Amino acid sequence: MARAREVSFPAGTRIFEEDRKADRFWILRTGTVQLDIRVPGRRPAVVETLHPGDLLGWSWLFPPYTWHLGAETLSPVRAWEFDAREIRALCAEDPALGHALVLRYSQVIGDRLRCARTRLLDLFGPYGSGVH
């Protein structure tokens with residue numbers, strides 16, 4: 001947390017866009033953020049809503065360091081922001097920290113992929129996801 005800086009975003013702010021440079025990440029303190037994915041010929045599909053305590057952004061951890069999803073605030077948000085390059089360097093210096101961070105982010109990535117899959121099946125599958 002010593003590497004974090006406090007930031008805030010008004011409601012309706014695009015925090016990041018799919019396929020753009022991923023150079024930071026956040027831990028939400030207040031507010032909500034929706035994650036979305038571009039769908040050709042349609043509006044972006046919302047795949048998950050994040051709340052206080054959630055991690056926002058994982059694409060900074062793996063090359064080529066570009067966002068896999070987009071993110072927009074639904075309400076005013078306060079968060080702790082971390083510089084990705086600085087945290088990657090810290091992990092390289094401290095492999096135990098790097099390992100712990102990768103394990104935590106692996107859980108987040110798995111959850112996000114499951115949510116995206118379920119949401120896209122609901123939107124485009126012939127019978128939806130079957131999960132209600």
Side-chain angles (χ1 to χ4, degrees):
M1 293 305 296
R3 309 282 180 164
R5 74 180 188 107
E6 292 186 38
V7 296
S8 60
F9 302 98
T13 300
R14 289 297 288 179
I15 297 175
F16 54 81
E17 295 286 346
E18 191 175 343
D19 294 327
R20 300 252 174 99
K21 182 181 177 182
D23 59 357
R24 62 199 70 236
F25 67 98
W26 303 262
I27 299 173
L28 300 183
R29 296 177 59 207
T30 63
T32 54
V33 174
Q34 67 182 18
L35 298 174
D36 56 40
I37 189 168
R38 285 191 306 239
V39 178
R42 295 181 178 236
R43 294 184 53 161
V46 175
V47 295
E48 189 174 2
T49 301
L50 305 181
H51 303 280
D54 287 338
L55 291 167
L56 172 60
W58 57 266
S59 302
W60 64 272
L61 193 53
F62 306 102
Y65 310 120
T66 56
W67 297 116
H68 290 86
L69 301 169
E72 185 171 331
T73 59
L74 294 176
S75 64
V77 167
R78 291 176 46 219
W80 288 295
E81 181 179 83
F82 297 85
D83 179 88
R85 191 174 319 174
E86 184 177 347
I87 299 303
R88 286 192 304 264
L90 193 61
C91 289
E93 293 170 17
D94 183 351
L97 172 66
H99 179 75
L101 194 69
V102 167
L103 287 178
R104 175 66 181 116
Y105 264 92
S106 296
Q107 292 175 330
V108 170
I109 293 165
D111 289 343
R112 301 266 159 86
L113 291 173
R114 188 188 80 258
C115 286
R117 178 184 178 276
T118 300
R119 180 67 178 133
L120 293 175
L121 282 172
D122 283 341
L123 289 172
F124 303 111
Y127 304 106
S129 67
V131 177
H132 298 286

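All of these numbers come straight from a predicted model, not from anything done at the bench.
Note: Thr49 OG1 to Gln34 CD = 6.0 Å, rounded to the nearest 0.5 Å. Note that the CG atom of Asp54 and the CD1 atom of Ile27 stand 10.0 Å from one another [nearest 0.5 Å].
A side-chain contact (heavy atoms from CB on, under 4.5 Å) with Leu28 is found for exactly one of Thr73, Leu55, Val77, namely Val77.
Aromatic rings of Trp60 and Tyr105 (six-membered ring for Trp) have centroids within the 6.0 Å cut-off, being under it.
Distance alone, capped at 3.5 Å, places no donor-acceptor pair between the Ser8 side chain and the Arg78 backbone. For Asp111 (side chain) and Val108 (main-chain N/O), no donor-acceptor pair under 3.5 Å exists by modelled atom type. A donor-acceptor pair under 3.5 Å links the side-chain atoms of Ser106 to the main chain of Val102, judged by distance alone.
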| Please walk me through it: do Asp23 and Phe16 pass side chain to side chain contact (heavy atoms under 4.5 Å, CB included)? | CA-CA 10 Å; Asp23 59 357; Phe16 54 81; over 6 Å; no

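Here side chain to side chain donor-acceptor pair (under 3.5 Å) pairs that include residues 86-98, with residues two or more places apart or in two chains, are Arg3-Glu86.
Trp80 places a side-chain heavy atom less than 4.5 Å from the side chain of Glu6.
Scored by the side-chain hydrogen bond (donor to acceptor under 3.5 Å, both in side chains) test, Asp19 finds Arg38 as partners (sequence neighbours excluded).
The shortest non-hydrogen separation linking Pro52 to Gly31 is CD-O, 3.3 Å.
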Which pairs would a plain distance check flag for residues 64-72, meaning a side-chain donor or acceptor within less than 3.5 Å of a matching protein atom at least two apart in sequence or in another chain?
residue : atom : partner : partner atom : Å
Trp67   : NE1  : Lys21   : O            : 3.1
His68   : ND1  : Ser59   : OG           : 2.8
Glu72   : OE1  : Arg14   : NH1          : 3.3

